[in-house]
Every structure is written in structure tokens, then in C-alpha cells.
2 protein chains.
Amino acid sequence: MEMAPEDEGHHQHQPNRLGEMAYRNMKERLIRGAFSPGDKLTIRAVSEMLDVSTTPARDAINRLVIDGALIYSGPKTVIVPHLRLLDLEEITQMRLALEGLAAALSVKAAGEATIEELELLQAKIDAALDEKRYFDALWHNKEFHFAIYRLSGMPHLLQVIETLWLRVGASFNGLYPEFSETRYGAHNHRAAIEALVDKDVAAARAAIENDIRDGFRQMKKISAGRDQGNLCRR
Amino acid sequence: MEMAPEDEGHHQHQPNRLGEMAYRNMKERLIRGAFSPGDKLTIRAVSEMLDVSTTPARDAINRLVIDGALIYSGPKTVIVPHLRLLDLEEITQMRLALEGLAAALSVKAAGEATIEELELLQAKIDAALDEKRYFDALWHNKEFHFAIYRLSGMPHLLQVIETLWLRVGASFNGLYPEFSETRYGAHNHRAAIEALVDKDVAAARAAIENDIRDGFRQMKKISAGRDQGNLCRR
DNA sequence: TTCACATTTTTGTTGCAACAAAAAAACATG
DNA sequence: CATGTTTTTTTGTTGCAACAAAAATGTGAA
């Protein structure tokens, strides 16, 4: 039987390692809103929280710091960062460039199955908002975007975009429920789906870019109602 | 005396840590061409190489894997990756988007001092090529690009671009001296400098994008003269 | 040689303890 | 009360050893 050509690797990290598990677990908690900006994370605390020894806990924290999901506030203290408006602006610009690219490249690979998947995800988003399950809505929103980006077939690109989401993700928690109540995203998501159906590259890019811009404006408006430029409650 | 407002952090990693030192050291070696694609890096080997214990060595390797500068070729083996044409294409697309953005944003902040610095760096590149010091040329080339990108004032952007360079950087070693002998970059660099002088945003972006595209074509051409799609000598 | 299998060596992971340094708490001082 | 100082506690880093698993090596048969 003909064998597939040697892949040579490009393996992801082994999923069975404790450090990898700890990283995934903490990442999920961060995105889901288990921590707030300013919260301090210590090795021993994470170690107990996940019931592993200090080494995997340390690995997880180090990796999250590299990702930018956590930052040092002092030589021996890592915290969930307070996202400032300036940071958000910068990351938004990068998202526009990279996710616009991913959206444009996704058009070619979009098929019947993808459209259905996207429709389903959008329905989940709507349902979650109806029932005020805001974290679920945010989660499905992420799934919606990445379902599109995955079509680009570019693993490096996917990975970089994901770290950008991680950097801002933790700070979203303090913005609910105002953030999602206007449902700014629904229109853009429908536009994206239609662009994929029509195989319209420019429209797909525009839909995603609009979604990102609208989200940014929304966050800016909410943060304006709080103290200067700081995007978190406290 | 008036104190500066609390920065709250956004610290980089402490430079005095052994793991950080090991990381920097290995990164430098990778860029400078101390290793070739396919070389295996073990914790204990790095530990001896840098005369530190296994923990910092392990930290450094893990971080380089996260950066994409090293990859797993098996559950217990990390190697310097063989960059395939497909990977190079993808990273080139991301570079176009991100470095184009950085170049465009840099125009506003470009001043007299910057221009002089860039002229000096270009002179260093030319001199290095004249004397066939190809690694130095590559190094100064990097300095030239990042001197521009730094003007954008966007630390997140800088950091992401740097990891993209790291991903391809290690594979450049095998391409000398052919890669630089045509001096494809000189014209684009001059165009970039002039764009900064003229405060021409579109021209700055175009100059950088052209430089990236020309470099990509150059690499593709060289790799075509070797076996299929594999961008390294062996 | 080529392939499959058994054996030996190498290697990453994990847990842990010592230590210095930083953070937090307690305290004193104005 | 606020502020500077000392004491106590917490914390990350580093080195190291045990272990299981993977890689390298050796072996033998076809």
C-alpha cells in the first residue's frame, strides 16, 4: 500500500503532558472568565487548583506569559493584565490585517458543509444571547470566526490569530452584559456567510473587518462610560 | 517631584534569569546559523552547551518550540525545522500584512535621526556583502527592518513580527551565498528610506512589501535548484 | 542488503527541596 | 491618619534524581 509522504513533524505539543494539560485548562479558564484583570496567579496556587505538581503549573504560567495572556507586574508576580485602550487599538489593527487575510483566503475552500456549520453556530450565538448566557455567546462567537479562518488552511496564521484573541479575551469579562446586548455582530456574521456563498473575496474580508471594527467601537463606547482608558471594572 | 503615572507593569521577562539568558543565547545562535535544519536539540546538550542546569535549558527549548523556531519531530525529539515551501509561503503572506502595516504606521514618527540610522545600517549591509560576511549582512538587514518597524510604536506588533522572522530565520543559513549575491534588497531599502523622507505612507508600505516579495522569490528560485520544495541543503 | 525484533542507551517529564529575593504584614514614628 | 521601617511570609528559580517512554543500537533471519 502506498504510504503518505513523511510529514517530518510539525507536531503540536503532545496533549498527554501535564504541562500541556495545565496550559489548556488555564487558557480555557481565562477565556471563560474565571479570572479578572489584576488577579495574581502563583505557581503553587495553580498547582493546587489543577492538582498537579509545581513543574507543570510553572510551565503553564510561563507559556501564558509568552502568549501575552498574563504579564509580570513585578519580578515575582504575574497577573491577568489590565487591557488599556492603547493595547486594544494596537491589537485591533493586527486583527484587521490578519483576520482580514484569513477571511479572504477562506473563500476558496468554503463549501456546503461550512455554510451549514456557520449557520448553526450563529443560531447558537443568538440563542445564548436570548437566554443571557453571555460567556457562551462569546465562546460560540469565537467558534464562528475560527470556523472561517480554518478554511484558509494556514496553521501558522491560525496560531497567531489565536494568541491575539487570548490577549484581549480575558478583559472581555468585565464588559458584560452591555457588550453583547446590541448584537452588533449578527449583521456582519450574516454578511460573511453570504460572501462565502457568493465566493466573493472582497465581501468576505469586508464583513470580517467590519465585525472587528464594530466590536472595537462597542468596547470603546463602554469603556468611555468608565474611568479613563482603562477597560476593566476596577 | 511629580511621579510618572503607575505603569502597572507590561514588564518584559526579567533578563537576569538563567532560563531567559539561555533562551536569548539559543535564539542568537539559531539566527546566526549555529544549527542546520534537522539538528536535534536535547535538554542535556543545551544544558552543557550553556553551562546551566537542566531546568533553564528546558525552559529555553520549550519557549523556542512555542515560538515555532524549533519543532517536535517525535514525542521526545525537538529539531530545527526543515522549512517547506508551503510554510514559507504562508509566513510570507503574514509578513506582508503585518510588516506592511508596521511600515505604513512608521512614517508618521520618522525623523532626521531615523533616516541617518537607516543610511548607516544600509551601508553596513553593503559593506558586509562586499566582504562576503553573509551572516552579518543578514543581521544588519534585520536591524534595518526593525528600525523602521519600531517607529510604529506598537510593541505587540513588533513581538509578533519577530517570531515570524525567527520561524524562517534558521533556514536562511543553507541558502548562502546565493541568497544575497544579487543584492535584491538594496533597491527596496533605498525606496523605503525615500518614502520615509517624503512622508509617503503608501510608498513606504510598497517598498517593504516589495522587499518581502523579492526575498521570497529569491528563496523560491534557489530552492527550485534543489530537491522538491525543501528549502534546505539536505 | 532489507526488514523485523530484542536490547541498550538516551531523553523528557515530573516532583521536590533549598535558597535568595520579593511581597505582604506588622509595627513604629511623625 | 499617613508614612517610613522592620519583620514575617510568600514566591519564583534552580538543581537534581527517579522513572517511564522513546530512540538508537545491535542482532538475526530471509
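Throughout, a chain's letter reflects where its sequence line sits, starting with A, and its residues are numbered from 1. Being a predicted model, the structure only gives us computed values, none of them experimental.
Regarding A:Arg58, its CZ atom lies at a distance of 8 Å from the C1' atom of D:dT14, rounded to whole Å. Atom CG in B:Leu50 sits about 15 Å away from atom C1' in D:dG15, given to the nearest Å. Between A:Leu18 atom CG and C:dC16 atom C1' the separation is 15 Å, expressed in whole Å. Spacing between atom CD of A:Glu48 and atom P of D:dT11 amounts to 10 Å, rounded to whole angstrom units. Taking atom OH on B:Tyr23 and atom C1' on D:dT14, their separation rounds to 20 Å, with Å as the unit. Atom pair A:Ile43:CD1 and C:dA17:P shows a separation of 16 Å (rounding to whole Å applied). One can place CD of A:Glu20 at 10 Å from P of C:dT14, the figure rounded to the nearest angstrom. Rounded to an integer number of Å, the gap from CG of A:Asp59 to P of C:dC16 is 15 Å.
With contacts defined as side-chain heavy-atom distances shorter than 4.5 Å, the pair B:Asp87/B:Arg84 qualifies. Residues B:Met219 and B:Val168 have side chains not in contact (no heavy-atom distance under 4.5 Å, counting atoms from C-beta outward).
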Between side-chain atoms of residues 140-150 of chain B and protein atoms elsewhere (two or more places apart, or another chain), which donor-acceptor pairs fall under 3.5 Å?
unit_1	atom_1	unit_2	atom_2	d
B:His140	ND1	B:Glu143	OE1	2.9
B:Asn141	OD1	B:His189	NE2	3.3
B:His145	ND1	B:Tyr149	OH	2.8
B:His145	NE2	B:Asp211	OD2	2.7
B:Tyr149	OH	B:Glu99	OE1	2.5

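Annotation: cation-pi pair B:Arg63/B:Tyr23 present, NZ/CZ under 6.0 Å from the ring centroid and within 45° of its normal. Under a cutoff of 6.0 Å and an axis angle of 45°, B:Arg133 and B:Trp139 do not form a cation-pi pair.
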What does nucleotides 19-25 of chain C look like as a protein-contact string, B for base, S for sugar-phosphate only, - for none, at under 4.0 angstrom between heavy atoms?
-> -BBSSS-
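Two end axes, each from the C1' atoms of five base pairs, can be drawn for the helix from C:dT1-D:dA30 to C:dG30-D:dC1; they diverge by 20°, to 10 degrees.
Residue B:Glu48 qualifies as open at atom CD: its count of foreign heavy atoms under 6.0 Å is 12 or below. Within a 6.0 Å sphere centred on CD of A:Glu28, heavy atoms belonging to other residues, nucleotides or ligands number more than 12.
Candidate nucleotides D:dG15, C:dT13, D:dT13 were compared by shortest atom distance to the side chain of B:Ser53, and D:dG15 ranks first. Among the nucleotides D:dT13, D:dG12, D:dG15, the one closest to the side chain of B:Arg17 is D:dT13.
For the pair A:Thr54 and B:Val78, both in contact range of DNA chain C, the more 5′-proximal nearest nucleotide belongs to B:Val78. Nearer the 5' end of DNA chain D, as judged by each residue's closest nucleotide, is the contact made by A:Thr42, out of A:Thr42 and B:Pro56.
Between the side chain of A:Asp39 and the backbone N or O of A:Ser36, at least one donor-acceptor pair lies under 3.5 Å. A distance-only check finds a donor-acceptor pair linking the side chain of A:Arg167 to the backbone of A:Asp67 [under 3.5 Å].
Judged by distance alone with a 3.5 Å cut-off, a donor-acceptor contact links the side chain of A:Thr55 to the base of C:dG15.
Here B:Ile61 lies out of heavy-atom contact (under 4.0 Å) with every strand.
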